Amino acid sequence: MPLAGPLRLGTLKKRADFLRAARARRVVMPGFILQVRPRDDDDAIRIGFTCSKKVGNAVARNRAKRRLREVARHVLSRRGVPGTDYVFVGRADVTATRPFSVLIDDCNAALDRLP
């Protein structure tokens with residue numbers, strides 16, 4: 001079953017974009033923090049991922065980011081709003097070990113909380 005949805009997902013690459021998203025609205029979930037920033041255009045959805053050293057060593061941070069990438073691909077490709085930046089922030093000892101289906105439920109619940 002292919003999970004790619006109709007929406008194109010871009011990637012946040014510049015530090016300034018991450019800082020703008022950090023000042024925007026955020027939803028704290030048990031598995032991660034989701035920062036959401038609407039832009040003034042209707043371009044593709046842009047997604048960023050970040051994990052601090054609190055999450056663990058490089059292996060643990062990369063594992064957490066890989067899991068968050070898949071969550072974003074599953075959920076935001078269908079439910080994301082064009083012209084919006086989403087930043088997933090991994091949480092220590094949770095993002096890499098939480099069951100994947102629960103992470104997807106967390107993401108859906110976070111999007112439900114947004115106006």
Side-chain angles (χ1 to χ4, degrees):
M1 174 172 117
L3 294 171
L7 298 177
R8 173 106 171 89
L9 301 178
T11 305
L12 288 177
K13 296 179 179 162
K14 297 182 180 177
R15 183 173 188 267
D17 292 331
F18 281 91
L19 293 176
R20 279 189 218 105
R23 289 190 302 267
R25 186 173 170 104
R26 75 184 59 199
V27 180
V28 178
M29 300 304 293
F32 55 85
I33 299 169
L34 180 62
Q35 300 169 343
V36 181
R37 176 185 167 263
R39 298 187 317 269
D40 294 333
D41 57 25
D42 286 331
D43 286 346
I45 295 171
R46 296 191 310 177
I47 306 171
F49 305 94
T50 184
C51 292
S52 70
K53 287 190 176 183
K54 291 179 185 178
V55 173
N57 62 10
V59 173
R61 291 193 306 270
N62 288 332
R63 179 177 295 125
K65 285 191 274 188
R66 277 195 308 270
R67 291 170 58 92
L68 291 175
R69 271 188 214 102
E70 279 302 301
V71 168
R73 190 175 70 83
H74 280 267
V75 178
L76 293 181
S77 64
R78 289 189 169 79
R79 295 195 57 197
V81 178
T84 305
D85 291 342
Y86 296 91
V87 176
F88 287 83
V89 181
R91 300 189 74 176
D93 301 326
V94 180
T95 304
T97 59
R98 195 164 174 84
F100 187 72
S101 61
V102 178
L103 283 176
I104 289 180
D105 292 341
D106 285 349
C107 189
N108 283 317
L111 291 176
D112 290 341
R113 287 189 193 178
L114 295 171

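Every value quoted in this text rests on a predicted model; they were computed, and no experiment measured them.
Minimum heavy-atom separation, A64 to V55: CB-CG1, 4.2 Å. Nearest heavy-atom pair, I45 versus V81, reported as atom, atom and distance to 0.1 Å: CG1-O, 3.4 Å. Of all non-hydrogen atoms in A60 and A96, the two that sit nearest each other are O-CB, 4.5 Å. The minimum heavy-atom distance between P82 and G80, with the atom names listed, is CD-O, 3.8 Å. When all heavy atoms of L12 and F18 are compared, the closest pair comes out as O-CE1, 3.6 Å. Taking both residues in full, the closest heavy atoms of A72 and L9 are given as O-CD1, 4.1 Å, listed atom of the first, atom of the second, then distance.
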**Message:** Assess the residue pair R79 and D112 against the criterion (side chain to side chain contact (heavy atoms under 4.5 Å, CB included)); give the C-alpha distance rounded to whole Å, side-chain angles, the decisive distance to 0.1 Å, and a yes or no.
**Reply:** CA-CA 10 Å; R79 295 195 57 197; D112 290 341; 2.6 Å; yes

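Both L68 and V75 are assigned to one and the same hydrophobic cluster, defined by single-linkage of ILVMFWY side chains at heavy-atom distances under 4.5 Å. By the rule that hydrophobic residues join a cluster once side-chain heavy atoms approach within less than 4.5 Å of another member, L114 and V28 end up as members of separate clusters. No path of Ile, Leu, Val, Met, Phe, Trp and Tyr side chains, each step under 4.5 Å between heavy atoms, connects V71 with V94, placing them in separate hydrophobic clusters.
Listed by chain and residue number, F32, F49 satisfy the ring-ring contact (aromatic ring centres under 6.0 Å, His included) test with F88 (two or more places apart in sequence, or in another chain).
A distance of 13.5 Å separates CG of L111 from CZ of R78, quoted to the nearest 0.5 Å. To the nearest 0.5 Å, atom NZ of residue K65 and atom OG1 of residue T95 are 12.0 Å apart. How far CD1 of I33 is from CG of D106: 12.0 Å, rounded to the nearest 0.5 Å. Distance check, rounded to the nearest 0.5 Å: CG of L19 to CZ of R37 gives 11.0 Å.
At distances below 3.5 Å, at least one donor-acceptor pair connects side-chain atoms of R61 with backbone N or O atoms of G56. With R26 contributing its side chain and L34 its backbone, the two residues share no donor-acceptor pair below 3.5 Å. Using a distance-only test at 3.5 Å, with no hydrogens or angles considered, a donor-acceptor pair links the side chain of S52 to the main chain of K54. Proximity of a side-chain donor or acceptor of T84 to a complementary backbone N or O of P38 within less than 3.5 Å is not detected.
No more than 12 heavy-atom neighbours from other residues, nucleotides or ligands sit within 6.0 angstrom of CZ on R63. Other residues, nucleotides and ligands contribute more than 12 heavy atoms inside 6.0 Å of the CG atom of D43.
Residues V89 and T50 are in side-chain contact: their nearest non-hydrogen atoms beyond the backbone lie under 4.5 Å apart. V102 has its side chain out of reach of M29: every pair of non-hydrogen atoms, C-beta onward, lies at least 4.5 Å apart. Under the 4.5 Å side-chain criterion, counting only non-hydrogen atoms from C-beta, L103 is not in contact with E70.
A salt bridge links R46 and D17; the closest N-O separation between the charged side-chain nitrogens and carboxylate oxygens is under 4.0 Å.
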